[in-house]
Trainee: 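Take a look at this one; I'll ask things after.
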Amino acid sequence: MTQIQHYLQFTDLTADDYAWLFERAAVIKRKFKAYEKYHPLADRTLAMIFEKASTRTRVSFEAGMYQLGGSVVHLTTGDSQLGRAEPIEDSARVISRMVDLVMIRTFGQDKIESFAAHSRVPVINGLTNEFHPCQILADIFTYIEHRGSIQGKTVAWVGDGNNMANTWLQAADLLGFKVHVSTPSGYEVDQDVAGVRSADSYRVFRDPMDACRGADLVTTDVWTSMGFEAENEERRKAFAEWCVDEDMMRVAKPDALFMHCLPAHRGEEVQAEVIDGPQSVVWDEAENRMHVQKALMEYLLLGRVKG
């Protein structure tokens, strides 16, 4: 039996795989912009399982799959109830007999790992508490579009040591760039979760201004991720100095970009003048979720397609 390729965290693919995916995403995006019909996944079905709600993840995967000629089954918490109505392993065995691809957006990484272990088809991580590989895939593709190769560049991560931070560290380790991390005390990145092999790919800064100094890209996320709402007020106080503002962008390189995975809270993790300013590429970044995920789905189902 052919080994199934899942995409559960950024390290599931190689640097060579990513070089291919970024090239392929550019081709697929050009086809989309030219209104060129492209249906390599005709008669294929994607099941999307959401235990965490989402706007961008749902629209990008659903629209993307339709644009590739496939169809979509959308399951919410009440429809699927992973590990509650029946064991995750049984859900995986059943669902994967009926579709060609599964995207899951859930809480613990253990859930998606368990599902994938019993799935007959590729499984994609649409977000877990620990990782968000599709977002970083889109972010790096967006950087490449605007500035060229990210190899050797510096990314400043300002804010929570969350799933985005974990995935940025994995990407830097794999693709040869550096991440400057600045988080409030008590909200650091868990190195064991990120699983970074080389300490040369990241550096920790107490002062977010120092993390941004000389950076090619400054990026952040909400202070309170989904599932941590009870900590909202406590986090608001702890993160007060970690709002990406114009001063931070000024100490970054003159051509530095700003990114945010959205939704954004202007006046909290980022100033309105930054996210709505000339260095911000957040809208390109949001759109590119769809294009890189189309390339990813094509790759997982068909391999390295030409043309």
Side-chain angles (χ1 to χ4, degrees), residues 56 132 135-173 175-189 194 196 199-225 235-289:
R56 280 152 294 279
H132 200 356
Q135 183 64 57
I136 302 305
L137 189 64
D139 292 359
I140 294 174
F141 177 66
T142 304
Y143 186 87
I144 292 169
E145 275 192 322
H146 285 267
R147 297 289 185 263
S149 175
I150 199 169
Q151 188 173 13
K153 305 299 184 183
T154 298
V155 175
W157 175 261
V158 177
D160 192 15
N162 61 8
N163 51 5
M164 286 286 292
N166 290 337
T167 311
W168 269 117
L169 292 192
Q170 289 189 336
D173 197 35
L175 301 183
F177 60 92
K178 293 185 183 299
V179 179
H180 287 179
V181 179
S182 182
T183 69
S185 178
Y187 298 92
E188 296 87 355
V189 173
V196 176
D200 294 335
S201 60
Y202 71 95
R203 189 175 167 195
V204 176
F205 293 83
R206 171 64 183 85
D207 187 337
M209 190 73 76
D210 291 336
C212 294
R213 206 173 304 279
D216 299 278
L217 167 62
V218 178
T219 184
T220 189
D221 193 3
V222 295
W223 290 342
T224 306
S225 297
R235 284 172 173 263
R236 194 188 298 267
K237 294 174 185 176
F239 283 79
E241 295 178 18
W242 277 262
C243 173
V244 178
D245 57 21
E246 292 178 294
D247 289 338
M248 291 183 193
M249 295 304 299
R250 269 193 284 270
V251 299
K253 288 186 178 174
D255 65 344
L257 300 176
F258 172 77
M259 292 188 192
H260 190 307
C261 60
L262 303 177
H265 301 121
R266 290 165 175 80
E268 289 190 12
E269 74 274 6
V270 60
Q271 269 188 347
E273 292 80 1
V274 172
I275 194 170
D276 299 318
Q279 291 170 279
S280 174
V281 291
V282 297
W283 314 120
D284 291 341
E285 179 189 5
E287 178 189 335
N288 282 337
R289 278 287 300 277

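Just so we're clear, the structure is a prediction, and the values are computed from it rather than from any experiment. Hydrogens, waters and symmetry mates are skipped; everything else that's a heavy atom, side chains included, is used.
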Trainee: Between Val204 and Glu188, is the side chain to side chain contact (heavy atoms under 4.5 Å, CB included) condition met? List the steps.
Mentor: CA-CA 9 Å; Val204 176; Glu188 296 87 355; 5.9 Å; no
Trainee: Without swapping roles, check the side chain of His180 against the backbone of Ala211 for a donor-acceptor pair under 3.5 Å.
Mentor: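 Yes; judged by distance alone, with no hydrogens or angles, the pair exists.
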Trainee: Hey, are the side chains of Asn166 and Val189 touching, using non-hydrogen atoms and a 4.5 Å cut-off?
Mentor: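 The answer is yes, as the side chains (C-beta and beyond) meet within the 4.5 Å cut-off.
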Trainee: Could I get the full list of side-chain hydrogen bond (donor to acceptor under 3.5 Å, both in side chains) partners for Asp284, not counting sequence neighbours?
Mentor: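 Only His146 meet the side-chain hydrogen bond (donor to acceptor under 3.5 Å, both in side chains) criterion with Asp284.
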Trainee: Considering all heavy atoms of both residues, which atom of Cys243 and which atom of Met248 are nearest to each other, and what is their separation?
Mentor: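 So the minimum-distance heavy-atom pair works out to O-CE, 3.2 Å.
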Trainee: What closest approach, in Å, do Pro184 and Gly159 show between heavy atoms, and which atom pair accounts for it?
Mentor: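 Taking Pro184 first and Gly159 second, the nearest heavy atoms are CD-O, 3.6 Å.
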Trainee: Name the orientation class of the two ring planes belonging to Phe177 and Trp168 (parallel below 30°, tilted from 30 to 60°, perpendicular beyond 60°).
Mentor: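 Aromatic pair Phe177/Trp168 classed perpendicular.
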Trainee: Answer whether the closest heavy-atom distance between the side chains of Trp242 and Tyr187 falls below 4.5 Å.
Mentor: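 Not touching, per the 4.5 Å side-chain cut-off.
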Trainee: Testing the basics here: between Ala215 and Ala252, what is the closest heavy-atom pair and its distance to 0.1 Å?
Mentor: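 Between these two residues, the closest heavy atoms are O-CB, 3.6 Å.
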Trainee: One pair to check against side chain to side chain contact (heavy atoms under 4.5 Å, CB included): Leu217 and Lys153. What are the steps and the verdict?
Mentor: CA-CA 8 Å; Leu217 167 62; Lys153 305 299 184 183; over 6 Å; no
Trainee: Is Trp157 close to Asp221 at the side-chain level, that is, under 4.5 Å between some pair of heavy atoms?
Mentor: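 SC-SC contact between Asp221 and Trp157 confirmed.
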Trainee: Would you say the side-chain atoms of Glu285 pair up with the backbone N or O of His260, donor to acceptor, closer than 3.5 Å?
Mentor: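 Yes; at least one donor-acceptor contact below 3.5 Å.
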Trainee: Is there side-chain contact between Asn288 and Glu145, with heavy atoms separated by less than 4.5 Å?
Mentor: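 They are in side-chain contact.
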Trainee: Only one of Asp276, Val274, Val281 passes side chain to side chain contact (heavy atoms under 4.5 Å, CB included) with Phe258; say which it is.
Mentor: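 That would be Val274; it is the only one of Asp276, Val274, Val281 passing the side chain to side chain contact (heavy atoms under 4.5 Å, CB included) with Phe258.
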Trainee: I'd like to know if the side chain of Gln151 and the backbone of Leu175 have a donor-acceptor N/O pair within less than 3.5 Å.
Mentor: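 Not at all, since once roles are kept as given, no pair shorter than 3.5 Å links the two residues.
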Trainee: Under the salt bridge (charged side-chain N to carboxylate O under 4.0 Å, His left out) definition, can you give me all pairs with a residue in residues 253-262, not counting sequence neighbours?
Mentor: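 Residue pairs with at least one partner in residues 253-262: Arg147-Asp255, Asp216-Lys253.
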Trainee: Distance only, no hydrogens: is a donor on one side chain within 3.5 Å (strictly under) of an acceptor on the other, for Gln135 and Asp139?
Mentor: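 On atom types as modelled, these side chains qualify, holding a pair under 3.5 Å.
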Trainee: When rounded to the nearest 0.5 angstrom, what is the spacing between CD in Glu273 and OG in Ser280?
Mentor: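 Separation between the atoms: 12.0 Å.
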Trainee: Tell me if a side-chain donor or acceptor on Ser201 pairs with a main-chain N or O of Ala172 at a distance below 3.5 Å.
Mentor: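 Not confirmed, Ser201 side chain does not pair with Ala172 backbone.
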Trainee: How long is the span from the CD atom in Glu287 to the CZ atom in Phe141, to the nearest 0.5 Å?
Mentor: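 One gets 9.0 Å once the value is rounded to the nearest 0.5 Å.
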Trainee: How many angstroms lie between CD in Glu269 and CZ in Arg236, if you round to the nearest 0.5 Å?
Mentor: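 These two atoms lie 10.0 Å from each other.
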Trainee: Has the side chain of Thr220 got a donor or acceptor atom that lies under 3.5 Å from a matching backbone atom of Val158?
Mentor: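 The answer is yes, because a donor-acceptor pair under 3.5 Å joins these two groups.
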Trainee: If I take atom NE2 from residue His132 and atom CG from residue Asn163, how far apart are they, to the nearest 0.5 angstrom?
Mentor: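 Between His132 NE2 and Asn163 CG, I get 6.5 Å after rounding to 0.5 Å.
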Trainee: Within the supplied structure, the quantity of interest is the number of heavy atoms (other residues, nucleotides, ligands) at a distance under 6.0 Å from Glu246 CD; does it exceed 12?
Mentor: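 Above 12, so yes.
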Trainee: Nearest heavy-atom pair of Val218 and Cys212: which atoms, and what distance?
Mentor: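 Closest approach of Val218 to Cys212: CG1-SG, 4.0 Å.
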Trainee: Do Arg206 and Ser185 make a side-chain contact, defined as non-hydrogen atoms from C-beta onward lying under 4.5 Å apart?
Mentor: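 Side chain of Arg206 against side chain of Ser185, heavy atoms only: no contact under 4.5 Å found.
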Trainee: Who passes side-chain hydrogen bond (donor to acceptor under 3.5 Å, both in side chains) against Arg213, sequence neighbours left out?
Mentor: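 For Arg213, the residues satisfying side-chain hydrogen bond (donor to acceptor under 3.5 Å, both in side chains) (neighbours in sequence not counted) are Asp210.
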Trainee: Any non-hydrogen side-chain atom of Thr142 less than 4.5 Å from a side-chain atom of Trp283?
Mentor: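 No; the side chains remain at least 4.5 Å from each other.
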Trainee: Please determine whether the number of non-hydrogen atoms from other residues, nucleotides or ligands lying under 6.0 Å from atom CZ of Arg203 exceeds 12.
Mentor: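 Count not over threshold, so no.
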Trainee: Among Arg235, Glu268, His265, find the one that has a side chain to side chain contact (heavy atoms under 4.5 Å, CB included) with Val222.
Mentor: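 Running side chain to side chain contact (heavy atoms under 4.5 Å, CB included) over Arg235, Glu268, His265 with Val222 returns exactly one hit, His265.
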Trainee: Would you indicate whether the side-chain heavy atoms of Val282 and Ile275 approach each other to under 4.5 Å?
Mentor: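 A side-chain contact under 4.5 Å exists here.
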Trainee: Are the side chain of Lys178 and the backbone of Asp200 linked by a donor-acceptor contact shorter than 3.5 Å?
Mentor: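 Yes; judged by distance alone, with no hydrogens or angles, the pair exists.
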Trainee: Side chains of Met249 and Val244: closer than 4.5 Å at any heavy-atom pair?
Mentor: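 A side-chain contact under 4.5 Å exists here.
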